[in-house]
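Read the structure below first, then the notes.
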Amino acid sequence: MSDEPSQGRAHLDDKPWLAGLSEAQRQVASYRSGPQLVTAGPGSGKTRTLCAWIVELIRSAAARPDEILAVTFTRRAAAELHERLSGLLGAQTDQLLIGTFHRLALRLAPLPPTLRVGDESERLQLIEQASVGSGTRKSPSSLLSLLSLRKGQYPDYRERLQSGELLLSAEEVQVFRRYEQLLAEHGLVDLDDLLLRALVALNEGSACRAFRFVAVDEYQDVSATQRALVVRLGQSATVLAIGDPDQAIYAFRGGEVRHFRGFVDDFPGTASRFLIENHRSTPQIVMAAAAVIARNSQRTAPPPRSQLPTGSSLLLWRNASGFGEAQRLVREIECLIGGTSLLSHDRRQTASWRAGAYGFADVAILTRNVARADAIASALGEAGLPYSRPSQARRPSGQPSQPAIERCEPMYESDQRIAVLTLHGAKGLEFAVVFLAGLEATQLPGPGRSDEEREEERRLFYVGMTRAKELLYLSYVESPTTDSAARFDGAPSPFLGEVPIELMTADPAPKQRRPKPQLRLF
């Protein structure tokens with residue numbers, strides 16, 4: 001019998017949006033007495049819990065839909081949240097404000113008719129014009145990325161630009177001041193200016209709309225400016241921040257993990273909660289990932305726990321070359337999907353053979369850098385395997401661009417494709433089978449990293465591991481060689497040594513057979 005009181009069961013029958021939630025998830029969804037900081041590990045039902053919190057506010061008459069704001073980091077995440085809420089709230093969902101920080105900023109401080117956001121080509125042209133004669137050797141795109149980073153790091157960017165306190169060279173300060181003048185002359189604003197304008201409007205009391213309840217998803221990715229916006233909104237609203245500091249991997253865009261940890265200082269009396277039940281991955285994957293991330297400092301979350309039945313050990317691959325690694329990936333994928341060629345049917349002795357249990361879309365290959373991903377994608381294409389290769393380019397402003405997907409046309413009457421991604425690009429996704437390739441020390445964490453940077457690289461490895469639901473392969477090249485992808489020094493990533501050995505099966509590269517001698521005519 002269930003240990004839940006009958007009164008509690010009746011309560012859930014009256015609130016179907018709470019049904020199926022764990023006790024920890026229901027506590028988050030039902031709390032509205034003050035600020036909450038929710039640490040939600042991979043596969044812990046973060047989005048479902050967030051939806052339940054919003055529905056509970058509306059169904060219990062604690063708030064009207066138009067008094068609730070939900071902030072996400074991408075339009076894709078906003079669309080997913082809207083779709084889920086539509087199934088629970090129906091037409092009321094359209095009265096909510098669900099969107100990115102930039103959409104929120106435009107709602108708080110709309111642009112006058114005389115101004116508009118400059119597009120990428122316009123901003124590049126203006127920053128190039130501003131840099132003429134400045135003496136800087138940086139490219140226009142690099143300058144715009146640096147500008148976006150500084151605007152995210154400093155909520156008082158305008159004042160610092162005038163005083164020169166922006167950790168910039170004299171040449172860069174000159175360029176950025178001229179760039180601001182050119183924007184004004186052309187009636188344009190920079191994309192990141194939307195956030196700064198919204199912050200000014202909130203501080204001056206001229207913001208167009210107030211909210212009583214605010215939810216911020218992926219809070220570990222907020223910049224200092226975004227954090228300041230949330231703090232300002234929270235002066236008149238109840239704030240729910242939800243995310244996972246173990247997945248904070250965007251420091252190069254200004255998203256620092258210290259902002260997540262600082263929420264309890266920004267909002268005294270915060271209720272801190274943890275969602276640690278992983279409904280995505282097997283116990284072997286969850287325990288391996290937990291052992292790795294436990295090496296990072298200043299962690300407060302308890303280790304995640306898998307809710308799934310036991311699965312297979314992680315497979316550790318040692319390869320003799322980058323070319324050999326790519327070819328091995330091809331052969332293993334052929335086996336996993338049941339064979340795409342006559343030769344693959346001769347390889348059924350492979351340990352990972354699943355008699356065609358997987359499709360192409362169930363498989364992802366993740367790497368630390370773009371060059372390695374490109375080399376692997378080429379090997380897949382040459383073997384006739386269908387794949388998708390999202391572009392890793394970012395907008396100069398530092399905001400992620402919409403992917404221009406590179407696709408290899410499949411050989412079959414099927415839309416399924418293998419995903420080839422960098423570790424940064426894989427965040428938020430999940431696959432039945434994940435190959436983490438290129439796990440050499442020179443690639444992850446890479447040479448010359450500070451302690452703080454090494455911890456972020458470990459979080460990046462953790463993100464890659466927790467994308468896998470059933471099978472996880474860890475692959476590296478051991479022998480020194482040079483090929484079209486990268487240079488290897490033979491040392492595996494130190495993070496591999498942090499995975500408990502009892503959770504892995506080492507599978508070295510197959511030995512090369514010596515060719516039979518060709519018979520001579522004489």
Side-chain angles (χ1 to χ4, degrees), residues 1-72 77-99 210-219 230 233-234 236-244 263 267 269-280 301-302 304-308 428 430:
M1 293 181 62
S2 170
D3 58 357
E4 186 176 17
S6 58
Q7 183 178 359
R9 290 197 301 271
H11 177 69
L12 292 181
D13 290 339
D14 294 337
K15 297 184 175 184
W17 54 91
L18 298 180
L21 297 182
S22 67
E23 180 59 31
Q25 290 171 325
R26 287 201 298 270
Q27 288 178 359
V28 172
S30 303
Y31 187 80
R32 53 178 180 268
S33 301
Q36 279 193 97
L37 179 66
V38 181
T39 301
S44 62
K46 172 172 63 70
T47 304
R48 184 181 182 186
T49 305
L50 179 57
C51 289
W53 183 75
I54 293 173
V55 175
E56 173 70 7
L57 288 174
I58 296 171
R59 293 292 189 235
S60 64
R64 301 191 311 269
D66 62 353
E67 295 176 317
I68 300 174
L69 164 68
V71 183
T72 65
E80 179 186 354
L81 187 59
H82 189 280
E83 181 180 0
R84 291 201 189 191
L85 287 169
S86 294
L88 296 167
L89 292 173
Q92 285 184 300
T93 306
D94 295 331
Q95 300 176 47
L96 299 164
L97 179 57
I98 304 173
F211 301 94
R212 293 183 54 221
F213 293 92
V214 176
V216 186
D217 195 12
E218 303 288 1
Y219 197 75
V230 174
L233 287 169
S236 58
T238 297
V239 179
L240 165 65
I242 189 166
D244 184 5
F263 187 90
F267 296 95
T270 291
S272 295
R273 307 189 191 279
F274 301 94
L275 303 182
I276 62 173
E277 295 179 344
N278 185 302
H279 302 274
R280 172 191 299 161
R305 296 196 301 262
S306 174
Q307 304 301 298
L308 301 183
E430 60 182 43

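Note that the structure is a prediction, hence the values are computed from the model and not measured. Values below: all heavy atoms of this structure, side chains included; hydrogens, waters and symmetry mates excluded.
A distance-only check finds no donor-acceptor pair linking the side chain of S30 to the backbone of Q27 [under 3.5 Å].
The shortest distance between side-chain heavy atoms of R59 and K15 does not fall below 4.5 Å. Contact of the V71 side chain with the V230 side chain is not registered, since no non-hydrogen atoms from C-beta on lie closer than 4.5 Å. For the pair R64 and R212, the minimum side-chain heavy-atom distance is 4.5 Å or more. Between L81 and D217, every side-chain heavy-atom pair lies at or beyond the 4.5 Å cut-off. Under the 4.5 Å side-chain criterion, counting only non-hydrogen atoms from C-beta, Q25 is not in contact with E277. Proximity of L275 to V38: side-chain heavy atoms (C-beta onward) are separated by under 4.5 Å at one or more points. Put simply, the side chain of L88 does not reach to within 4.5 Å of the side chain of I54, judged on heavy atoms.
For the atom pair D94 CG and L85 CG, the distance stands at 11.0 Å (nearest 0.5 Å). Here the straight-line distance linking atom CG of L96 with atom CG of D66 works out to 8.5 Å at 0.5 Å rounding. From R48, atom CZ reaches atom CG of L21 across 5.0 Å, with rounding to the nearest 0.5 Å. Between atom CG of residue L240 and atom CZ of residue R32 there is a gap of 13.5 Å, rounded to the nearest 0.5 Å. Atom CZ of residue F213 and atom CG of residue L69 lie 12.5 Å apart, to the nearest 0.5 angstrom. Taken to the nearest 0.5 Å, the OG atom of S86 stands 7.5 Å off from the CD1 atom of I98.
In plain terms, the two heavy atoms of A301 and F274 that are nearest each other are CA-CE2, 3.6 Å. Heavy atoms only, all atoms of each residue included: I242 and A40 are closest at CG1-CB, 4.1 Å. In terms of heavy atoms, A78 sits closest to G99 at CB-CA, 4.1 Å. Nearest heavy atoms, N278 versus P42: ND2-O, 2.7 Å. The two atoms that bring P65 and Q92 nearest to each other are CB-O, 3.7 Å, heavy atoms only. Residues V214 and W53 approach most closely at O-CH2, 4.0 Å, considering heavy atoms.
In this view, T270 and P35, L37, F263, V264, F267, S272 satisfy the side chain to side chain contact (heavy atoms under 4.5 Å, CB included) rule, not counting sequence neighbours.
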